[in-house]
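Here is the naming used below: chain letters follow the sequence lines, and residue numbers restart at 1 for every chain. All heavy atoms count here, side chains included; hydrogens, waters and symmetry mates do not.
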Amino acid sequence: MDYEVVIGLEVHAELSTNSKIFCSCINEFGGDPNTHCCPGCSGMPGVLPVMNKSVIEYAIKAGLAMNCTISKFTRMDRKNYFYPDLPGAYQISQHKYPICRNGYIEIDVNGKKKPIRIHHIHMEEDAGKLIHSDYGTGTLVDYNRAGTPLIEIVTEPDMRSAEEARAFLEKLKAILQFIDVSDCKMQEGSLRADVNLSVRPKGQEEFGVRTEMKNLNSFKAIVRAIEYEAKRQIEEIESGGVVYRETRRWDDNKGISYAMRDKEQAEDYRYFPEPDLPPIIIDSEWIERIRSSLPELPDARKERYVREFSLPEYDANILTSSKVLSDFFEKAVQHSNNAKAVSNWIMGDLLRILKEREMEAEEIPFPAEHLASLISLIDKGIISGSIAKKVFVKMFDTGKDPETIVKEEGLQVVADENAIRKIVLEVMENNPGSVADYKGGKTKALGFLVGQVMKATKGKADPKLVNKLLIEELSK
Amino acid sequence: MNITENTIELLADLCKIYLSDEEKKDMLTSIQSTVECMDKLSNVDTSNIEPLEHIVTFVNVFREDKVKESMERNIILSNAPQHEDGCYVVPRVVD
Amino acid sequence: MELYELTIKQLSDMLKKKQISAVEVTRSVLDRIDKLEPALGCYITIVAEKALQDAENVQKDIDNGTLRSPLAGIPMAVKDNICTEGIPTTCASKMLSNFKPPYNATVIRKLYDNGAILLGKLNMDEFAMGSSTETSYFKKTRNPWNVERVPGGSSGGSAAAVASGEAIYSLASDTGGSLRQPASFCGVVGLKPTYGSVSRYGLIACASSFDQIGPITKDVTDCALVLNAITGRDEKDSTSANIEHPDYTKFLINDVKGLKIGIASEFIGDLLDKEVQKAFIDAVDVLKKLGAECEEISLPSLKNALPVYCILAFAEASSNLGRYDGVKYGYRAKEYKDLEDMYRRTRSEGFGPEVKRRILLGTYALSAEQYDKYYKKALQVRRMICDEFNDAFKKYDIILYPTTPDTAFKFGTMTKEPMQMYKHDILTMPANIAGLPAITVPCGFDSNNLPVGLQMLSKPFGEGKLLQAAYTFEQNTEFRNSRPCLS
């Protein structure tokens with residue numbers, strides 16, 4: 001039988017406000033344990049929460065960027081449970097009146113566009129961190145992260161494959177970065193996703209029983225976990241078994257997921273309105289003020305790239321998939337009159353090197369202006385394309401600007417006719433067979449001879465000049 | 001719903017407390033009589049009445065997004081029953 | 001007269017005239033504590049040395065003119081659920097028996113700014129859950145009028161200390177009557193301000209939407225003086241109201257002519273002890289003679305106050321008390337085999353039975369299956385009660401009924417049957433449910449010479465009217481001059 005996979009996501013994004021959500025401690029990743037804490041975020045009795053206004057504005061921004069309706073009335077609720085990373089034994093979250101509802105994000109998989117609906121976005125506080133030390137019998141608790149503002153983005157079960165889920169997450173990440181509400185660093189946990197997944201026979205309307213997977217720390221893990229879980233559920237059903245509604249934990253090292261203890265499912269969170277915080281009324285004036293401050297979003301930028309720079313949609317899509325990359329492109333284009341070349345360099349060598357070196361776009365060691373200079377060196381004929389590729393690698397290695405690299409390493413094109421003619425003659429002398437082939441009518445041999453001259457000049461010779469001189473000499 | 005000893009046990013689980021058999025018996029009687037009193041609200045006609053979810057009448061109390069210095073760690077931890085390497089210590093947690 | 005017998009107003013005038021010093025007043029009260037504490041047990045912690053040191057410093061500031069507050073140099077004490085930096089704040093619980101907050105409650109900071117001298121921390125029911133101070137982990141507090149009787153609760157220590165001269169005034173918290181009931185039992189004045197008048201920052205939460213801090217004083221004048229110092233918007237408490245509080249002493253006017261008073265018929269009659277009933281009727285007569293317009297009104301929703309209170313206050317408390325888990329502060333069980341066991345042993349050993357009972361009940365009311373039946377329903381009825389009060393206050397300035405159905409009871413009578421104890425607070429709960437200000441003033445004695453309290457409620461932020469009515473009543477009766485006979 002053919003099965004269809006049904007996926008919904010719950011994504012937590014840490015907001016990059018200056019201070020925490022309910023106290024004035026710094027909102028910053030890392031730090032020595034328990035040094036970003038006060039009586040409030042460490043759960044001492046008698047201390048009360050005070051809402052950070054920026055958190056609301058960031059959440060509204062996110063909602064608008066994802067085409068949501070912003071609630072006129074919203075408020076915080078308490079979610080009660082015991083865990084050592086939760087200092088107050090309740091998380092201040094939103095249950096009944098989330099700040100944003102009914103939005104969507106459009107994804108693009110293999111050229112096919114599809115809207116993924118967003119059920120709601122709500123605000124809440126993050127918990128602290130448990131450190132499982134290798135020695136001793138205990139677990140260490142650090143509340144630096146406790147009280148970090150989060151938004152949770154909950155989708156409808158609209159995705160049908162790991163690729164779609166990945167495309168959604170990439171788009172979501174790009175949007176959150178473009179509007180500057182979250183840095184979305186998965187490795188630091190500032191973007192985390194839980195996957196709700198079920199399978200059903202193709203054509204069946206009702207959903208199958210879903211499981212929820214946690215502990216997914218990278219896009220790659222999410223894709224693997226989805227593929228694993230879909231397969232597991234299908235095999236379970238095929239072999240006459242049952243899929244249970246449960247929470248499963250993904251083990252990325254082993255590449256498997258396993259059910260978490262039953263207890264967690266039995267949990268009753270006893271939500272009720274947070275009595276320490278008055279409700280929040282968001283009037284249309286406030287919404288419009290935020291709307292007008294929104295920067296250009298990835299989709300708009302993509303369309304502009306196609307329109308303004310005549311880039312292929314595919315390229316524009318990739319360039320706008322990351323705020324850093326897109327900003328890098330824009331900056332380079334400002335300093336260059338060859339947008340197409342800028343795009344090609346980013347799409348080609350730059351992304352390849354990032355991938356090889358397992359680097360993020362944030363880590364590009366040189367400013368975008370340097371890429372513009374490199375392109376201008378090629379366009380002016382000062383270096384050849386193949387030399388440029390080497391210079392580009394050097395730029396990555398050293399962070400130096402291309403002019404300096406070319407100068408220091410003497411890489412500028414050799415356009416001295418006499419010097420090149422001397423090398424041309426040497427190459428002809430060393431390759432009599434090819435010379436004979438050419439003279440015998442095999443014009444292809446010319447390419448080989450050009451290559452040999454380029455090799456002998458370490459690529460520095462002006463290829464047009466080499467061509468011209470070779471033909472001259474061969475015709476003698 | 002009838003409050004039974006089983007209800008009390010489930011509640012105790014949720015609240016993370018143990019109850020001795022004697023406590024359970026005591027609790028059962030007193031909780032039953034209190035719940036009986038709570039049940040009286042069922043007779044009140046509350047149709048078309050919005051729950052009063054916030055006792056204050058004002059809204060939108062916010063703080064500007066400004067950082068203030070955190071408290072010194074040794075003061076934060078000074079009341080902790082057990083701490084080590086600048087952290088609170090709890091019995092080993094297995095996920 | 002001894003200094004400890006005097007009021008804030010009297011002492012403050014003497015301090016201004018340099019007839020006495022802050023150190024002398026503090027000594028006088030500390031001596032009184034030394035003498036009576038073994039019999040009464042008002043305090044959990046006494047900070048005598050700090051008090052004397054502070055008195056010395058405050059006296060300097062009075063002398064050099066930098067401190068002009070009427071509270072400057074006056075020794076006082078606070079209920080032990082109000083956080084005091086570096087001084088144990090226990091909530092009368094084993095759970096917090098070793099807890100020293102690294103911060104001051106806003107009310108404490110304000111009182112210090114006014115030059116108040118803190119003597120120590122007062123006994124109470126554990127986590128403010130009780131009506132007799134008997135659920136305290138540490139000790140019994142006895143009623144100064146009759147040591148065989150309870151002082152009321154949960155703020156028994158706060159009321160008994162003021163009544164006995166172990167403090168010139170005190171602060172207490174009121175969740176369902178925790179301030180007014182003991183003030184009534186001990187024959188002193190107690191005011192629960194409007195919800196949002198006084199910052200709750202640093203008050204260890206019992207039921208967040210009910211809790212409010214207020215003064216217990218020897219008379220209405222002192223009540224206004226303390227209220228002036230502690231009210232006001234606090235950026236650390238989002239539920240504190242952003243309003244301009246008047247100078248409350250401006251309302252100390254001996255006049256109730258034309259004042260419209262509604263007497264809640266639901267709360268008189270059979271519900272009351274006969275002698276309380278009589279004292280109340282006499283009090284109404286006094287007010288009538290002074291020109292107040294008194295008439296009976298019906299507030300039918302008030303009969304639902306008790307279940308509404310039990311559901312909402314216990315639910316909030318069950319959530320607020322989750323944080324006592326042996327991780328960050330306070331008690332942790334000595335032995336445990338894993339995290340779950342540590343949580344459960346800590347909470348089972350650290351909390352007393354009344355606290356456990358309310359946590360269980362509150363958890364029950366909030367559980368997903370029961371939420372609509374209890375919690376949501378109670379919120380609807382809470383609105384009905386509020387609406388009924390609002391309507392009543394369109395017509396009346398003050399609503400009047402006794403503070404308690406009877407006078408101070410004997411030890412052990414209420415602890416056996418908790419429902420009886422909850423019922424006992426029936427007259428004080430409505431003000432918390434609706435967030436209204438309410439004051440209790442002494443209005444007589446029963447045949448056992450135990451005080452009876454008269455309770456007045458007003459509309460939100462109507463503290464001024466309350467003070468005026470209470471002041472007038474006080475100035476035209478003799479009850480404030482009676483003090484318990486303590487050798």
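- Across every non-hydrogen atom of C:Ser318 and C:Leu366, the tightest pair is OG-CD1, 4.1 Å.
- A salt bridge links B:Asp21 with B:Lys24; the closest basic N to acidic carboxylate O contact falls under 4.0 Å.
- Classification of the C:Phe351-C:Phe127 ring pair by plane angle, with boundaries at 30° and 60°, yields perpendicular.
- The contact between C:Glu417 and chain B is made entirely by side chain atoms (from C-beta outward), counting heavy-atom distances below 4.5 Å.
- Residue contact with chain B, scored on non-hydrogen atoms closer than 4.5 Å, involves the backbone and the side chain of C:Phe99 alike.
- Contacts of C:Tyr375 with chain B are absent, with no heavy-atom separation under 4.5 Å from either backbone or side chain.
- Here the closest non-hydrogen pair linking B:Leu19 and C:Lys356 is CD2-CD, 4.3 Å.
- Residue contact with chain B, scored on non-hydrogen atoms closer than 4.5 Å, involves the side chain of C:Pro418 exclusively.
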Checking side-chain contact (heavy atoms from CB on, under 4.5 Å) for the pair B:Val59/B:His54: CA distance, chi angles, key distance, verdict? CA-CA 10 Å; B:Val59 299; B:His54 299 274; over 6 Å; no
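- Contacts of B:Glu23 with chain C are made by side-chain atoms alone, with heavy-atom separations under 4.5 Å and no backbone atom involved.
- C:Tyr331 and C:Arg347 form no side-chain donor-acceptor contact under 3.5 Å, judged by distance and modelled atom types alone.
- Of the two parts of B:Asn60, neither the backbone nor the side chain holds a non-hydrogen atom closer than 4.5 Å to a non-hydrogen atom of chain C.
- Annotation: maximal heavy-atom pairing with chain B below 4.5 Å, among C:Gly435, C:Ala241, C:Gly362, occurs at C:Ala241.
- Of the listed residues (C:Leu306, C:Val327, C:Thr194, C:Leu321), the one with the most heavy-atom contacts under 4.5 Å to chain B is C:Val327.
- By the 4.0 Å N-to-carboxylate-O rule, C:Glu354 lies close enough to C:Arg357 to be salt-bridged with it.
- In terms of non-hydrogen atom pairs under 4.5 Å with chain B, the most contact-rich of C:Tyr336, C:Tyr422, C:Tyr329 is C:Tyr329.
- Taking a cutoff of 4.0 Å between a charged side-chain nitrogen and a carboxylate oxygen, B:Asp13 and C:Arg344 qualify as a salt bridge.
- Of the charged side-chain nitrogens involved, at least one lies within less than 4.0 Å of a carboxylate oxygen, so that B:Lys16 and C:Glu340 count as a salt-bridged pair.
- The pair C:Asp325-C:Lys328 counts as a salt bridge, with a side-chain nitrogen and a carboxylate oxygen less than 4.0 angstrom apart.
- With a threshold of 4.5 angstrom between heavy atoms, C:Arg358 does not approach chain B through any atom at all.
- If you measure heavy-atom distances from B:Phe58 to chain C, the contacts under 4.5 Å come from the side chain alone.
- Between chain C and the options B:Ile76, B:Val90, B:Thr34, B:Val56, the largest number of non-hydrogen pairs under 4.5 Å is found for B:Thr34.
- Heavy-atom distances place the backbone of C:Ala434, and not its side chain, under 4.5 Å from chain B.
- Interface summary for chain B: among C:Pro101, C:Cys386, C:Pro102, the most heavy-atom pairs under 4.5 angstrom belong to C:Pro102.
- Chain B forms more heavy-atom pairs under 4.5 Å with one residue of C:Pro307, C:Pro460, C:Gly196 than with any other, namely C:Pro307.
- Side-chain contact check for B:Thr46 and C:Lys377: at least one donor-acceptor pair (N or O, by modelled atom type) lies under 3.5 Å.
- Using a 4.5 Å cut-off between heavy atoms, C:Leu312 does not touch chain B at all.
- The part of C:Asp338 that comes within reach of chain B is its backbone (N, CA, C, O), which places non-hydrogen atoms under 4.5 angstrom from that chain.
- Of the listed residues (C:Asn242, C:Asn98, C:Asp387, C:Asp341), the one with the most heavy-atom contacts under 4.5 Å to chain B is C:Asp341.
- Ion pair C:Glu266/C:Lys303 not flagged as a salt bridge, since none of the NZ, NE, NH1 or NH2 atoms sits closer than 4.0 Å to an Asp/Glu carboxylate oxygen.
- No donor-acceptor contact under 3.5 angstrom links the side chains of C:Thr135 and C:Glu126, judged on distance only.
- Of all the listed residues (B:Val89, B:Leu77, B:Asn79), the one sharing the greatest number of non-hydrogen pairs under 4.5 Å with chain C is B:Asn79.
- If you measure heavy-atom distances from C:Tyr343 to chain B, the contacts under 4.5 Å come from both the backbone and the side chain.
- C:Ser208 does not touch chain B: none of its heavy atoms, backbone or side chain, sits under 4.5 Å away.
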